[in-house]
2 protein chains.
Amino acid sequence: MDDIHLELEPATAERFAPYGDLIHAPDRVTAAMNDGRFDRFGDLARIDIDGSLAVGIVRSRTATTLPYRVDRVERHPLGSQAFVPLARFAFAVVVAPIGEAVAAEDLRAFWIAPGYGVNYLRGIWHMPLIALQDHQEFLVIDRGGPEPNCEEWLLSESVMLLDSRGT
Amino acid sequence: MDDIHLELEPATAERFAPYGDLIHAPDRVTAAMNDGRFDRFGDLARIDIDGSLAVGIVRSRTATTLPYRVDRVERHPLGSQAFVPLARFAFAVVVAPIGEAVAAEDLRAFWIAPGYGVNYLRGIWHMPLIALQDHQEFLVIDRGGPEPNCEEWLLSESVMLLDSRGT
């Protein structure tokens, strides 16, 4: 079976909106707080949790190199899920719309620039997180608790995420 | 009036527990996820929000230098409030226990090392955020919505936060 090639496109708020939010402080100045010592950028993510919310950290053990074979996607029926890098590094995500099945042509791949995090909407299919370097940390804001909250879809096609780096 | 001197002590999870949580991924390995590509450290903060939760970013406009006069503390009756640095930098916090009044002897100052965030419990008094450098970004997880959720207490004593840097 020939590989289906998936090109990374640069993430913008508009392109990513059907799948979730880019969590980012823009360069423009908005509301000041604390006697003008800070700029505040409020409410950057559509957090949507059915049940208890958990804040955790994940740290990569290994670097995942591109090109990378995407063999599955997952979704979380009980809540949105945010990943915010705890340092300035880029990462790559693959998403597909809400639905009962996923075909290769449903997939889109986004290059997330340094200084940006993502929040997947509840039910959005996404590639399990990969990191391009080891020891990269992400803050995770998602649904806690013991109830099952992760469903996987194994892709029937052979999909290769290319090293196009959003160019 | 003589200044009351407030010394920074290094934050540890145990010392900080009455006031909130330190958000940090320890060096030890815990649960793996995503085929062993990541370590996961779950549920690091006692998020306690009455109403809607908001995820935002604040960015310092200016550096606040130590020693620094602490003239007030604030509290949020409707929810906990977390600040997680989006790069590896240290910061300083001042806290006081839940209560209707705050005296200088109630205050404790903590030096938060690089790689650590904090989550203040609901109702914990704390100094409004300061940053030791400009352009430092923190992710903020707190209570959103228009309802008033910030109460200030003006200290009657003159309190000076010293440049002791947790040593």
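Numbers restart at 1 for each chain; the letters A, B, ... are given by sequence-line order, proteins then strands.
R59(B) places a side-chain N or O within donor-acceptor distance of the main-chain N or O of P26(A), the cut-off being under 3.5 Å.
The hydrophobic clustering, which links ILVMFWY residues whose side-chain heavy atoms are closer than 4.5 Å, places V93(A) and V58(A) together. Hydrophobic clustering (side-chain heavy atoms under 4.5 Å, transitive across Ile, Leu, Val, Met, Phe, Trp, Tyr) keeps V94(A) apart from M160(A).
For residues 64-76 of chain A, heavy-atom neighbours of chain B at less than 4.5 Å comprise T64(A), Y68(A), sorted by residue number. Listed in order of number, the residues of residues 96-109 of chain B that approach chain A to under 4.5 Å between heavy atoms amount to none.
Note on V140(B), L139(B), D134(B), I49(B): by heavy-atom pairs under 4.5 Å with chain A, the leading option is L139(B). Interface remark: of the candidates L44(B), L53(B), I57(B), I57(B) forms the most heavy-atom pairs closer than 4.5 Å to chain A. Looking only at heavy-atom pairs under 4.5 Å with chain B, the residue among V84(A), D43(A), I130(A), L129(A) that has the most is L129(A).
Between D142(B) and R40(A) a salt bridge is recorded (basic side-chain N to carboxylate O distance below 4.0 Å).
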Just distance, no hydrogens or angles: give the donor-acceptor pairs under 3.5 Å from side chains in residues 10-17 of chain A, sequence neighbours left out.
residue, atom, partner, partner atom, Å
T12(A), OG1, R15(A), N, 3.1
R15(A), NH1, P10(A), O, 2.6

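Only the side chain of I47(B) comes within contact range of chain A, judged by heavy atoms closer than 4.5 Å. At a 4.5 Å heavy-atom cutoff, the contact between I141(B) and chain A is made by side-chain atoms alone. Neither the backbone nor the side chain of A63(B) comes within less than 4.5 Å of any heavy atom of chain A. V55(B) touches chain A through backbone and side chain together, each having a heavy atom under 4.5 Å away. With a 4.5 Å cut-off on non-hydrogen atoms, P128(B) touches chain A through its backbone and its side chain both.
For D48(B), the side-chain hydrogen bond (donor to acceptor under 3.5 Å, both in side chains) partners two or more places apart in sequence, or in a different chain, are R122(B).
By the 6.0 Å contact criterion, NE2 on H5(A) is enclosed, its count of non-hydrogen atoms from other residues, nucleotides or ligands being greater than 12.
Scanning both residues, P85(A) and L86(B), for their nearest heavy atoms gives O-CD2, 3.7 Å.
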